[in-house]
Amino acid sequence: MNYRMMGKFISRILLVELVFMLPALLISVYHQEEKTIFGFLTSMVIMMAVALFLYLLCRKARKGFYAREGLVCVGASWIVMSLLGCLPFYFSGEIPSFIDALFETVSGFTTTGASILPEVEKLSMGSLYWRSFTHWLGGMGVLVFVLAIGRGRDKSDGYTMHLLRAESPGPKVEKLVPRMKDSAKILYFIYVFLTVLNVFFLLIGKMPLFDAVCTAFGTAGTGGFGIKNDSIAGYSPYLQNVCTVFMLLFGVNFSCYFMLAIRQVKSVWKDEELRFYIGTVVGSILLIAWNVRGIYGTVEETLRHAAFQVASIVTTTGFATADFDMWPSFSKAIIVCLMIVGACAGSTGGGFKCGRALLLIKSLRRNVRQILHPQKVQVVRVNGQMVTEQVLDNTNAYLAAYAFITIFSFIVISIDGFSTMTNFSAVLACFNNIGPGLESVGPTCNFGGYSALSKVMLIIDMLAGRLEIFPILILFSKSTWSGR
């Protein structure tokens, strides 16, 4: 295990996090928020000290960096980044409990959007900005950002691939261009471009600049932290529709945008995962709109709320314009299914991913045909290409781990005595990085009522969900550290 190389990389992660805290500090200085200024300054000093210590200790690290180091480095980086990223909330006194501050920060970085705050508007402007920005930084991945801005002469494309595979969502990670570092740059260019475009359209709708930036951060990262107690419900129908469109856009595999940029439009339309995603969204909107048609006054309002909540849940953003916990059971059942399925692989969305769901459906069909025709060779194809047995095995292993962690987490947090639906939806909301659940953790409620043990369990769920389970499992595996 190359500990020094991992330590050196984590020091770079912390320096990037420190730099990204500066705008929040400046906002606090501008608004003369003394406690928040103290919180950020103290946190940045500690962060700098830890980063310098790791760098000095590990500056002579050798270059060897393989799959195991990549997985461990990603898991450790996100944990360290969260532990230090929560300090401004804690030192400022705005979230006096360290576990609560950590929960809020992990929820931000993992783009979950679950909150322990009963009244978010009581936070200072600097804290609101940092809270929303954690979504944007975690959406594409801070390690991807570090790799994208890395020195061009760094020829260690091998460890770049290991890190991207560990942090990027989906059944498999492919290069957009021959070098992974260049792929990371392209991904971040698309990410920044869509974010700026989102801010532009929000400003057209006369949303205040601060609100537009924070809302775009939450939309781009598909996180869902709002800066208002009513989330997006208080904004105009135009602004709600803009959020709907951009949530869906950020739920698409970013490689599709790259293919559009190089004018391979037919390849995008033939993408089976994209068609599965669009079909799921359109079908869910129509079914929910039909089911809730008597709740709202007009067809436009019905379709707007149905489309917004479907987009918010399937992309695992978590914004809300309506309390969907009050909708009929049929609509809530669709919402729960969308929580599990999630967005496309290679997007900023969470969940099981449409790509994996598609693979499981095709694998099931293949197995049925194999039973009927045992002498015939049956293969699984996606987009006309044969899927290897290794990818199918990894998908099945992911499903098994997904089910086990969901059941185990549900049992653990059930100790607190909340209803079965509250606990089950809380686990789904955190594990799939969605945010709001149902009943006591619904859109108008929060996670503050859970005990410290349950919050720690849900923190682990959020990290496992964002990092596709295996980096966290490997990080806590005994064999990882024993070298076996």
Side-chain angles (χ1 to χ4, degrees), residues 10 17 43 46 50 71-72 74-91 93-118 131 134-135 138 223-225 316 318 339 350 401-442 445-478 480-481:
I10 291 173
E17 185 179 13
S43 303
I46 294 173
V50 174
L71 291 165
V72 172
V74 167
S77 296
W78 278 72
I79 291 173
V80 173
M81 185 174 66
S82 299
L83 287 170
L84 296 179
C86 76
L87 294 181
F89 298 126
Y90 180 67
F91 285 133
E94 293 188 271
I95 304 181
S97 166
F98 181 79
I99 293 295
D100 284 353
L102 181 62
F103 184 97
E104 200 77 10
T105 304
V106 171
S107 181
F109 280 128
T110 59
T111 71
T112 302
S115 180
I116 49 82
L117 296 170
R131 181 173 176 265
T134 55
H135 278 336
F225 274 157
T316 70
M339 284 183 178
Y402 181 95
F404 174 80
I405 293 174
T406 300
I407 294 169
F408 180 78
S409 302
F410 171 69
I411 293 172
V412 171
I413 73 168
S414 294
I415 296 173
D416 287 350
F418 287 98
S419 71
T420 300
M421 181 52 71
T422 294
N423 293 329
F424 183 65
S425 64
V427 171
L428 288 182
C430 289
F431 193 19
N432 294 294
N433 306 133
I434 294 163
L438 298 172
E439 294 188 0
S440 298
V441 291
C445 305
N446 60 77
F447 288 71
Y450 277 106
S451 65
L453 173 64
S454 293
K455 288 173 183 173
V456 170
M457 185 72 255
L458 294 173
I459 285 171
I460 295 172
D461 287 342
M462 288 188 280
L463 288 168
R466 173 58 183 84
L467 299 179
E468 304 283 284
I469 298 177
F470 293 110
I472 296 299
L473 290 181
I474 289 172
L475 185 64
F476 292 108
S477 172
K478 182 179 178 181
T480 300
W481 306 101

| field | Stepwise side chain to side chain contact (heavy atoms under 4.5 Å, CB included) test for L428 and I434 | value | CA-CA 8 Å; L428 288 182; I434 294 163; 5.6 Å; no
Going from [atom1] on [X] to [atom2] on [Y], what distance comes out if it is rounded to the nearest 0.5 angstrom?
X	Y	atom1	atom2	value
I415	M457	CD1	CE	11.0 Å
K455	S107	NZ	OG	12.5 Å
L102	I459	CG	CD1	4.0 Å
E94	L117	CD	CG	9.0 Å
L473	L467	CG	CG	10.5 Å
D416	S440	CG	OG	11.5 Å

Taking the side chain as every heavy atom from C-beta outward, state whether [X] and [Y] have any atom pair closer than 4.5 Å.
X	Y	answer
S115	R131	yes
T420	F410	yes
C430	F447	yes
I469	F431	yes
P88	S43	yes

| request: If the plane angle is over 60° it's perpendicular, under 30° parallel, otherwise tilted; pick one for W78 and F109. | output: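 W78 vs F109 ring planes: perpendicular.
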| Aromatic plane relationship, Y90 with F98 - under 30° parallel, 30 to 60° tilted, over 60° perpendicular |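 If you compare the ring of F98 with that of Y90, the planes turn out perpendicular.
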| said: Does atom CZ (F424) have a neighbourhood of more than 12 heavy atoms from anything else shown, all under 6.0 Å? | reply: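 Atom CZ in F424 is not packed in, count stays at 12 or less.
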Do [X] side-chain atoms and [Y] backbone N/O form a donor-acceptor pair below 3.5 Å?
X	Y	answer
S82	V106	no
N433	R466	yes
S425	G437	no
D461	V427	no
N446	V441	no

| said: Determine whether F103 and C86 satisfy the following criterion, side chain to side chain contact (heavy atoms under 4.5 Å, CB included), listing intermediate values before the conclusion. | reply: CA-CA 8 Å; F103 184 97; C86 76; over 6 Å; no
| By side-chain hydrogen bond (donor to acceptor under 3.5 Å, both in side chains) - contacts of T110 (at least two apart) |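 For T110 the side-chain hydrogen bond (donor to acceptor under 3.5 Å, both in side chains) partners, ignoring immediate neighbours, are T112.
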| message | Just to verify, what does T422 make a side-chain hydrogen bond (donor to acceptor under 3.5 Å, both in side chains) with, not counting sequence neighbours? | response |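 S419, E439.
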Shortest non-hydrogen contact from [X] to [Y]?
X	Y	value
P96	G93	CD-O, 3.7 Å
T316	N432	CG2-O, 3.3 Å
A76	I10	CB-CD1, 4.0 Å

| said: Can you confirm if the aromatic rings of F418 and Y450 lie within a centre distance of less than 6.0 Å? | reply: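 Aromatic pair counts; centres sit under 6.0 Å.
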| request: Using the side chain to side chain contact (heavy atoms under 4.5 Å, CB included) rule, take L475 and I79 through it: C-alpha gap first, then chi angles, then the decisive distance, then the call. | output: CA-CA 11 Å; L475 185 64; I79 291 173; 3.4 Å; yes
